[in-house]
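Working notes, beginning with the structure itself.
On a predicted model such as this, the values are computed, not experimentally measured, just so you know.
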Amino acid sequence: MQSIMKDLSDLILYKASAGSGKTYTLAKEYLKIVLLNPYDYNKILAVTKKKKATAEMKTRIIEYLSSLEKKEEKIASLRNSIIEEIKQAKNIDISEQFDKNVRIALQLILHDYSNFNISTIDSFFQSIIRSFAKELDLPIGMEVELDTDLVIQQAVQAMLKEYKTDKDAFSKWLEEYVFDLIEEDKSWKVENNIAKLARQLLSEDYQLLATSSNQRFDIETYKSALTELKQIVFNYRKKLDDLTKQFERKVTQENIDLTVFKGKSTINSFVKKIKNYEPEFTATLQKMMNTDEILSVENAKNNSLKIQYESIWNDTVKPFLLTVSDYQQVNEKKYNAAEIVLKNIYSLALLEFINSKIKEYKSDKNLILISDTNQIVSLIAQHEEVPFIFEKSASFLKYILLDEFQDTSSLQWKGMLPLLLEILQNVDGLVLIVGDPKQSIYRWRGGKMELIIDGIAADLSYHWQDRQDVSLKENYRSAKEIVEFNNAFFSTVKNEINLQNDLFKNVLTDVEQQIIKTDKTGFVQCKWLEKNDEEDVQLAEVLQIIKSVESTKKYSNIAVLTRNNMHGAAVANYLQEHQIPVVSAESLLLQNQLSIKLLIAALEYV
């Protein structure tokens, strides 16, 4: 395993794929700092994404220090590695004071555990916010609300209570929204639709836009936009309807058999799609238009039929297709955009009302939302001097280790950036960043994997060129067959698929891992299943695989991963129906227990 600690004023970027020993590496880098300078233990901050990772890293560091103090044989390689790497990086031999430093560091950390600064980024940000509560005019005893959906539901209900029968602008708009839903045969209960869109108020994308733009729109502005959008949709559909009616009238008058053309249903299918306002020029249709090869091989042999339908093609069918194509190219994007906006415009106009209700709810309950923390710290970092932030939060940091950096959001980066620059430029410190863009899973919370590739280069321009890139290539977790499959898969994607986005090309530049675990045999198999109308072939295949290994494997050693909870519930129910015991979130619900089902059935029967 590689490690590096050249100059403690440097920026170090670790690229750590799954199973590459990232936690071990982070723990070792922490130990190298604290064993070189034991009294710097409270000047180190290690930031992770999840509480579980925080607890794991704390435990790992304490265990390593304890084992090093006891001089356990199993930890001898770690001891030698730390001594050697510090010697290479700093030209300092700590072998003689190593045991003393281990003892001092362990005692200091255990006796001052609250300053053992390993936390999630949310926890770190919240500590800064509490320090600035007075300056930000926040409640002193504020709580952080994690359940943002609850707050949105409360805000929506509070907004709906303001409906008045004397018809102010807000109430009229709400009525129009309900009537519009009824016209489209949708549920008239607007709460869910509004709440779904209102979640965007708490997203980072919205917060960034709201910060950069002071534009606010009233109900009248939305009414004007609504009229314009409906006109766009009406005009587009009417034009396609008119073209289709004109074409069908001509087909009927001239008794044209459209099945004579290549593919038999090609033209009829196209007309059907136009009636749904989704004209699609298939590959067959495009070829017919480009080459004028319009008949099947069999029909082309009939000379009189060929002459007749070539004339029909040139006079009637092709002009119709070209007119539709030209109109679609000019107007389709505008039509699609109008359709998308119309689906949400009623809810969109109510967002300002909901936002005000969210603010009222937070004020009444003395709380801030977990989604607020990134924006608040970002604003603090932009408007306050970094030494003052350190002083206010009692955090005099010299070293920052950032884990899971591929899931860091833009606002989180803006909040951290001044602290990192202070450490790099003014306190002779260390900034160590660890991540893997292939493992980015928090994009739904604003995570930007672009940051770890080159997205932070401009912000750290003075240090970026001299940064130290370290790639952890070993895989300590997976068996040989799994590592080989991953290497082959990512290499194929990189080499065989023409990736248009340079971002993905950069993600795949360094993907191959080295095999370390050779004591266990792995297995990978990919199957493409033929569809079957009589049964769900995927469920049947899962059952078949489990049946094939149940004689040699315990059920507790088998896991089934699905795309979403709905699919997971379907798999769990199917396996239980076939007497395969399943433990899942759904299977643990009371309503899914056999005894409860029997009781309910008995009550319904009575």
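Considering OG of Ser478 and NZ of Lys520, their distance stands at 11.5 Å, rounded to 0.5 Å. Ser325 contributes atom OG, which lies 10.0 Å from atom CD of Glu332 (distance to the nearest 0.5 angstrom). The distance from the OG1 atom of Thr266 to the CG atom of Leu258 is 10.5 Å, given to the nearest 0.5 Å. Annotation: the span from Tyr222 atom OH to Thr227 atom OG1 amounts to 14.5 Å, rounded to 0.5 Å. Taken from OG1 in Thr221 to CG in Leu226, the straight-line distance is 12.5 Å, to the nearest 0.5 Å. Here CD of Glu512 is found 11.0 Å from OG of Ser17. Values are rounded to the nearest 0.5 Å.
Between Ala198 and Ile152, the shortest heavy-atom distance links the atoms CB-CG2, 3.9 Å. Here the shortest heavy-atom pairing between Val271 and Glu248 reads CG1-OE2, 3.6 Å. Across all non-hydrogen atoms, the minimal contact from Pro279 to Leu240 is CD-CD1, 4.3 Å. Of all the heavy atoms in Ala155 and Ile358, the pair that sits closest is CB-CG1, 3.5 Å. Of all the heavy atoms in Ser409 and Asn374, the pair that sits closest is OG-ND2, 3.9 Å. Taking every heavy atom of both residues into account, Val233 and Leu342 meet most closely at CG2-CD1, 3.6 Å.
We find that Lys238 and Asp242 are joined by a salt bridge, their nearest charged nitrogen and carboxylate oxygen being less than 4.0 Å apart. Here Arg237 pairs with Glu339 in a salt bridge; the nearest charged N to carboxylate O distance falls below 4.0 Å. Using a cut-off of 4.0 Å between Lys/Arg side-chain N and Asp/Glu carboxylate O, Lys50 and Glu404 are scored as not salt-bridged. A salt bridge does not link Lys414 with Asp459: every distance from a Lys NZ or Arg NE/NH1/NH2 to an Asp or Glu carboxylate oxygen is 4.0 Å or more.
At least one side-chain heavy atom of Trp313 sits less than 4.5 Å from a side-chain heavy atom of Lys318. Taking 4.5 Å as the limit, every side-chain heavy atom of Ile546 sits out of range of all side-chain heavy atoms of Lys553. The shortest distance between side-chain heavy atoms of Ile456 and Phe405 falls below 4.5 Å. Residues Tyr309 and Ile256 meet the side-chain proximity criterion, which asks for heavy atoms closer than 4.5 Å. A 4.5 Å side-chain heavy-atom check between Ile194 and Met159 finds at least one atom pair inside the cut-off. The shortest side-chain heavy-atom distance between Val537 and Glu541 does not fall under the 4.5 Å cut-off. With a 4.5 Å cut-off on side-chain heavy atoms, Phe320 and Ile274 count as touching. Side-chain contact check for Gln328 versus Tyr236: some heavy-atom pair is nearer than 4.5 Å.
In Glu228, the CD atom is not crowded: 12 or fewer heavy atoms of neighbouring residues, nucleotides or ligands sit closer than 6.0 Å. Counting heavy-atom neighbours within 6.0 Å of Leu561 CG, excluding the residue itself, gives a total of 12 or less. Heavy-atom contacts from other residues, nucleotides or ligands closer than 6.0 Å to CD of Glu530 number 12 or fewer. Enclosure of atom NZ in Lys306 is not indicated, since only 12 or fewer non-hydrogen atoms of other residues, nucleotides or ligands lie within 6.0 angstrom. At most 12 non-hydrogen atoms from other residues, nucleotides or ligands lie less than 6.0 angstrom from CD of Gln246. Within a 6.0 Å sphere centred on CD of Glu484, other residues, nucleotides and ligands contribute more than 12 heavy atoms. Tyr555 OH: more than 12 foreign heavy atoms inside a 6.0 Å radius. In this structure, Lys517 places its NZ atom where more than 12 heavy-atom neighbours from other residues, nucleotides or ligands lie under 6.0 Å away.
Although no hydrogens or angles enter the test, the distance criterion places a donor-acceptor pair under 3.5 Å between the side chain of Lys49 and the main chain of Asp407. At least one donor-acceptor pair under 3.5 Å links the side chain of Asn235 to the backbone N or O of Gln231. Remark: the backbone N or O of Val549 is paired with a side-chain donor or acceptor of Thr552 at under 3.5 angstrom. At least one donor-acceptor pair under 3.5 Å links the side chain of Glu145 to the backbone N or O of Asp147. Using a distance-only test at 3.5 Å, with no hydrogens or angles considered, no donor-acceptor pair links the side chain of Asn276 to the main chain of Glu278.
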task: Go through the steps for Ser311 and Asp315 under the test side chain to side chain donor-acceptor pair (under 3.5 Å), then give the verdict.
output: CA-CA 6 Å; Ser311 175; Asp315 296 341; 3.3 Å; yes
task: Verify side chain to side chain donor-acceptor pair (under 3.5 Å) between Gln153 and Asp149, making sure each step is shown before the conclusion.
output: CA-CA 6 Å; Gln153 291 294 343; Asp149 283 344; over 6 Å; no
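Under the 30°/60° scheme for interplanar angles, the aromatic rings of Phe485 and Phe489 are found to lie parallel.
For the side chain to side chain contact (heavy atoms under 4.5 Å, CB included) test with Phe261, the passing option among Asn299, Leu285, Ile312 is Ile312; the others fail.
Looking only at atom types and distance, the side chain of Asn302 has a donor-acceptor partner in the side chain of Ser304 under 3.5 Å away. A donor-acceptor pair shorter than 3.5 Å cannot be found between the side chains of Asn573 and Glu577.
Two rings, from Phe170 and Tyr163, have their centers 6.0 Å or more apart.
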